[in-house]
Amino acid sequence: MACAAVMIPGLLRGSVGTTCTRAALSRLTPRSLRHLTLTSVMKSKRKTDHMERTADAVRREVVSTAKVCGAANESPSVKRLHLLVAEKDFSFKAGQWVDFFIPGVSVVGGFSICSSPRLLEEERIIELAVKYTNHPPALWIHNQCTLDSEVALRVGGQFFFDPQPTDASRNLVLIAGGVGINPLLSILRHSADLLRERANKGSGFEIGTIKLFYSAKNTSELLFKKNILDLVNEFPEKIACSLHVTKQTTQISADLKPYITEGRIMEKEIRDHISKETLFYICGPPPMTNFFSKQLENSHVPKEHICFEKWW
């Protein structure tokens, strides 16, 4: 669940003070939706609860219903959801998360969106990838959620990449651990959309290079491998990845082997990418996030060029 983010002025534009009109909802009426959100917040009392940890986070005011329109196992422990959000007031920036309200479940979930804003604009769909845990929202997603299940969503978070056409060109270094890939995949996909727009129209934000460092226990737990490698192959001069596995016990497939390093991500790999034009986005377990953010600060990277989010 998301906890803390450091915001980059200019490229990370928050929504403080933004107000949105709540539109008519389908089977979840405004009255029942308000009751759902209020009772969920009141009943969520665990110290590690998403709503408590993000109490001071920026949120949009609009709460929208969504319908499950697709589900699949992304790994042995992670389930991927496609959600159809018809409400036109619903939008997000690459890297943000949603409060996830489930009818009949008192605890509110908090899950980062892993799709690009463009997919929502064109098809009204967002994508989530949720790891199996004993947390009630995750249990519901893995054990009870079905096609056409309805939930409610509210966008929040100050961890995002939202460059404007006139902003100075930037390189990106994305550092992910485990399911922390989710917001960084959204940023990677958004970056690819910006590259396509620039190639097709000759205008828009000019992004530099993007390097993804991604670590997981083994290759089966490296999420979205095909999606990531497809983008690397589509933009070989712009996008690169280094995939790390820390407890691999089986043979690595031939197609993955060129991208795989056995062992954790090393600080020297990250330091090699430091420049005044580079922004660093980090999302993973707190020890990993703390380690790399501190290493970057010690290497004199400006704090405003380091954006991180911790997940539990």
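Scope of the values below: all heavy atoms of this structure, side chains included, with no hydrogens, waters or symmetry mates.
No donor-acceptor pair closer than 3.5 Å links the side chain of Thr278 to the backbone N or O of Ile274. Under a 3.5 Å cut-off, the side chain of Arg80 and the backbone N or O of Ala71 do not form any donor-acceptor pair. Distance alone, capped at 3.5 Å, places no donor-acceptor pair between the Glu122 side chain and the Leu119 backbone.
Cation-pi geometry between Arg124 and Phe90 is not satisfied (NZ or CZ under 6.0 Å from the ring centre, within 45° of the ring normal). Annotation: cation-pi pair Arg264/Phe291 present, NZ/CZ under 6.0 Å from the ring centroid and within 45° of its normal.
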Audit row: Phe292, Ile265, side chain to side chain contact (heavy atoms under 4.5 Å, CB included) steps and yes/no: CA-CA 10 Å; Phe292 283 114; Ile265 302 167; 3.8 Å; yes

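Two residues are said to be in side-chain contact when any heavy atoms from C-beta on lie closer than 4.5 Å; Ile187 and Tyr281 meet this criterion. Between Ser220 and Pro76 there is a side-chain heavy-atom pair separated by less than 4.5 Å. Residues Tyr259 and Leu229 have side chains in contact (heavy-atom distance under 4.5 Å, counting atoms from C-beta outward). In this structure, His273 and Thr209 have side chains that are not in contact, with every pair of non-hydrogen atoms separated by 4.5 Å or more. Counting heavy atoms from C-beta on, the side chains of Leu243 and Phe213 never come closer than 4.5 Å. The shortest distance between side-chain heavy atoms of Ser186 and Phe92 falls below 4.5 Å. At least one side-chain heavy atom of Leu83 sits less than 4.5 Å from a side-chain heavy atom of Leu153.
A salt bridge is absent between Glu74 and Lys79: the closest approach of a Lys/Arg side-chain nitrogen to an acidic carboxylate oxygen does not fall below 4.0 angstrom. Taking a cutoff of 4.0 Å between a charged side-chain nitrogen and a carboxylate oxygen, Glu61 and Arg154 do not qualify as a salt bridge. Ion pair Glu127/Arg189 flagged as a salt bridge, since at least one NZ, NE, NH1 or NH2 atom sits closer than 4.0 Å to an Asp/Glu carboxylate oxygen.
Classification of the His142-Tyr132 ring pair by plane angle, with boundaries at 30° and 60°, yields perpendicular.
Between the side chains of Thr250 and Gln248, at least one donor N or O lies within less than 3.5 Å of an accepting N or O. A donor-acceptor contact closer than 3.5 angstrom links the side chains of Ser77 and Glu221.
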